[in-house]
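Beneath this line is the structure, given in structure tokens, with notes to follow.
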Protein chains: 4
Amino acid sequence: MSGINKVILVGHLGKDPEVRHLDGGVTVASFPLATSESYNKDGKRVEQTEWHNIVLWRGLAEVASKYLTKGKLVYIEGKLRTRTFEDREKVKKYVTEVVAENFTLLGRKSDFESPAPAAAAPKAEHDFSGTNDINGDIPF
Amino acid sequence: MSGINKVILVGHLGKDPEVRHLDGGVTVASFPLATSESYNKDGKRVEQTEWHNIVLWRGLAEVASKYLTKGKLVYIEGKLRTRTFEDREKVKKYVTEVVAENFTLLGRKSDFESPAPAAAAPKAEHDFSGTNDINGDIPF
Amino acid sequence: MSGINKVILVGHLGKDPEVRHLDGGVTVASFPLATSESYNKDGKRVEQTEWHNIVLWRGLAEVASKYLTKGKLVYIEGKLRTRTFEDREKVKKYVTEVVAENFTLLGRKSDFESPAPAAAAPKAEHDFSGTNDINGDIPF
Amino acid sequence: MSGINKVILVGHLGKDPEVRHLDGGVTVASFPLATSESYNKDGKRVEQTEWHNIVLWRGLAEVASKYLTKGKLVYIEGKLRTRTFEDREKVKKYVTEVVAENFTLLGRKSDFESPAPAAAAPKAEHDFSGTNDINGDIPF
DNA sequence: TTTT
DNA sequence: TTTT
């Protein structure tokens with residue numbers, strides 16, 4: 001019988017997506033995603049960050065590689081999958097990944113657009129970091 | 001900034017919960033949960049099962065140890081947490097667990113009760129009692 | 001910017017799905033779904049039922065009309081949509097519906113199949129073997 | 001039997017929360033939340049916005065009234081509840097609301113902080129939009 | 001009535 | 001390794 005295996009994350013990319021093209025032309029993208037939670041402990045604000053291995057396949061991998069970059073805030077929906085693999089020493093290991101089925105960029109308009117003209121909103125220096133914009137037609 | 005780290009599972013317990021009492025009186029329970037997905041591959045029905053490590057703390061652990069047993073169908077909501085530990089050979093390893101924040105038993109009423117002696121409460125009659133189905137005032 | 005509008009329900013159908021075929025051949029199915037919550041109030045167990053209007057389109061409507069019937073336990077994922085309409089007296093009214101994007105039947109195997117003849121599927125023996133784990137033949 | 005009734009939304013507040021104090025000292029807050037979805041129709045980008053009635057009770061209402069303001073991007077988790085009421089003409093009506101059980105502000109750091117000292121960065125210039133800040137100690 |  |  002069918003069950004449900006669903007993960008919902010909102011967090012920031014720790015790195016740009018890493019894209020690979022497998023034999024047969026299948027595209028896979030992956031990146032680490034940080035979800036942070038903060039709470040009070042003994043009167044102090046503590047922040048705890050959890051890192052997730054996000055994996056995207058085919059068309060979703062291609063869209064991700066175009067629009068997602070390090071630092072972006074993103075909503076991700078997917079499922080858990082634990083894989084086994086052998087490391088260099090032939091030791092069997094486990095990794096749990098979130099296989100994305102859907103994602104949505106969150107954040108402000110400025111996160112989705114090319115920087116405004118320098119005169120109107122002098123952002124040029126800031127934008128040199130290159131982490132903050134997308135060009136072209138964004139399909140979401 | 002806060003993010004979201006949420007897992008939603010519906011599946012069957014692979015074993016009865018294992019309960020431990022830590023120093024300080026904190027209760028922890030854990031069990032494996034199977035979520036199955038079936039799909040067609042080359043015209044055949046394939047079933048793929050994913051296993052999850054579920055961990056519950058304190059009061060939730062205690063409720064779980066009372067009501068959850070091997071084979072039960074349960075809805076679990078929680079968050080992902082990846083821990084590191086050293087195995088017997090002092091090799092650093094990772095496990096990803098689902099720390100439950102909430103759970104709900106699913107299934108039929110009969111799954112929640114001790115089975116009535118067959119002679120005393122034949123299923124047909126039992127169901128006629130009207131406690132187990134959705135008749136009555138449906139507002140649309 | 002895109003947002004998220006997601007509903008997750010587990011409940012029982014209040015009626016069989018009602019199926020309509022619109023002009024142009026589009027199929028729509030709808031049914032009421034009950035989600036019940038029980039809690040303690042003044043020392044008594046109180047059960048509160050919430051009714052949801054579920055709507056399914058096209059292929060999903062067709063699958064629903066085949067497999068879902070009154071009383072079945074189902075997991076539904078979808079989104080909220082509030083529509084306006086005029087009642088018979090031309091009064092403008094609002095309804096909020098859950099437009100299903102996905103659903104999964106929950107419950108036991110026996111809920112999915114016609115019961116096998118006892119001789120053909122000796123369940124007692126099978127179940128005796130399975131003391132501790134879910135390998136091979138999973139009985140749900 | 002218990003079911004699941006869960007709503008997950010990410011969207012922007014259409015208005016500041018409206019706060020009421022009921023007899024007995026219970027606080028209720030409510031606001032409209034917009035979730036937007038955009039898709040291609042006949043080669044054009046179409047945006048469709050869904051409006052949700054969000055209701056928060058007690059402590060959550062109080063936190064919301066402090067930190068949520070019109071325009072903010074927020075993650076909301078809650079459940080559906082359909083209420084009946086009589087309008088001025090004594091006509092029975094239905095409203096479906098999302099009773100929040102949890103929320104998290106999303107967005108950038110600048111959305112969570114007081115504006116920099118006026119002399120150093122007068123609000124108007126600094127924020128441009130001017131709709132975007134919170135004062136005081138924000139606990140998330 | 002939001003936001004992009 | 002992100003973000004606040």
Side-chain angles (χ1 to χ4, degrees), chain A residues 9-18 30-40 44-54 67-76 104-114 116 129 131-134 136-140, chain B residues 1-5 82 94, chain C residues 1-5 82, chain D residues 9-18 30-40 44-54 67-76 104-114 129-134 137-140:
Chain A
L9 304 172
V10 176
H12 292 92
L13 280 84
K15 295 185 183 170
D16 286 348
E18 194 178 306
S30 60
F31 56 82
L33 187 86
T35 57
S36 302
E37 188 184 2
S38 54
Y39 55 93
N40 284 311
K44 278 185 206 157
R45 209 94 257 278
V46 179
E47 180 163 293
Q48 195 174 329
T49 296
E50 190 67 36
W51 287 95
H52 311 272
N53 304 306
I54 311 297
Y67 299 110
L68 299 186
T69 52
K70 179 176 169 176
K72 283 264 185 296
L73 180 64
V74 67
Y75 168 95
I76 291 177
T104 298
L105 259 175
L106 300 174
R108 302 191 175 167
K109 191 177 181 179
S110 55
D111 291 341
F112 296 83
E113 291 185 336
S114 344
S129 70
T131 58
N132 207 15
D133 59 270
I134 286 177
D137 267 336
I138 300 169
F140 30 76
Chain B
M1 204 220 61
S2 287
I4 302 300
N5 173 358
T82 298
Y94 295 85
Chain C
M1 204 218 63
S2 288
I4 303 300
N5 173 358
T82 298
Chain D
L9 304 172
V10 176
H12 292 91
L13 280 84
K15 295 184 183 171
D16 286 347
E18 193 179 306
S30 60
F31 55 83
L33 186 86
T35 57
S36 303
E37 188 184 3
S38 53
Y39 56 91
N40 285 312
K44 280 185 206 158
R45 211 93 256 279
V46 180
E47 180 162 291
Q48 194 174 329
T49 296
E50 189 66 36
W51 287 95
H52 311 272
N53 304 306
I54 311 297
Y67 300 112
L68 299 185
T69 53
K70 180 177 169 175
K72 283 264 184 294
L73 181 64
V74 67
Y75 167 95
I76 291 177
T104 298
L105 259 174
L106 299 174
R108 301 189 174 170
K109 190 177 181 180
S110 54
D111 291 341
F112 296 84
E113 291 185 336
S114 346
S129 69
T131 58
N132 215 359
D133 59 273
I134 286 177
D137 262 337
I138 300 164
F140 29 76

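Below, chains carry the letters A, B, ... as their sequence lines are ordered, and counting in each starts from 1.
- In terms of the side-chain hydrogen bond (donor to acceptor under 3.5 Å, both in side chains) criterion, B/Y94 has no residue partners (sequence neighbours excluded).
- For the pair D/F31 CZ and E/dT1 P, the computed distance is 18 Å after rounding to whole Å.
- A/K70 NZ to A/K15 NZ: the interatomic distance, rounded to the nearest 0.5 Å, is 9.0 Å.
- The aromatic ring of D/W51 is stacked on the base of E/dT1, with the two ring centres less than 5.5 Å apart and the planes inclined by under 30°.
- Distance, D/L33 CG to E/dT1 P: 16 Å, rounded to whole Å.
- Following rounding to the nearest Å, A/K15 (NZ) and F/dT3 (P) show an atom-to-atom distance of 14 Å.
- No contact: D/G11 has no heavy atom under 4.0 Å from any strand.
- Proximity note for A/K70 (side chain, C-beta onward) versus E/dT1, F/dT2, E/dT4: the nearest is F/dT2.
- Distance from the side chain of D/A34 is smallest for E/dT2 among the nucleotides E/dT2, E/dT1, F/dT1.
- Rounding to whole angstrom units, CD of residue A/Q48 and P of F/dT1 are separated by 19 Å.
- Taking A/S30 as the reference, nothing meets the side-chain hydrogen bond (donor to acceptor under 3.5 Å, both in side chains) condition, with sequence neighbours excluded.
- Tested against D/V10, the residues D/T104, D/L106, D/V74 include a single side chain to side chain contact (heavy atoms under 4.5 Å, CB included) partner, D/L106.
- Distance D/H52 NE2 to E/dT2 C1': 11 Å, rounded to the nearest Å.
- Residue contacts shown for A/T49 include a base, since a base heavy atom lies under 4.0 Å away.
- Across F/dT3, E/dT2, F/dT1, the shortest atom-to-atom separation from the side chain of A/P32 is found for F/dT1.
- Spacing between atom CG of A/L106 and atom P of E/dT2 amounts to 19 Å, rounded to whole angstrom units.
- Atoms CG (C/N5) and C1' (E/dT3) sit 15 Å apart, rounded to a whole Å.
- In this entry the distance linking OH of A/Y39 with C1' of F/dT4 reads 15 Å, nearest Å.
- Within the 3.5 Å criterion, the main-chain N or O of B/T82 finds a donor-acceptor partner in the side chain of A/E50.
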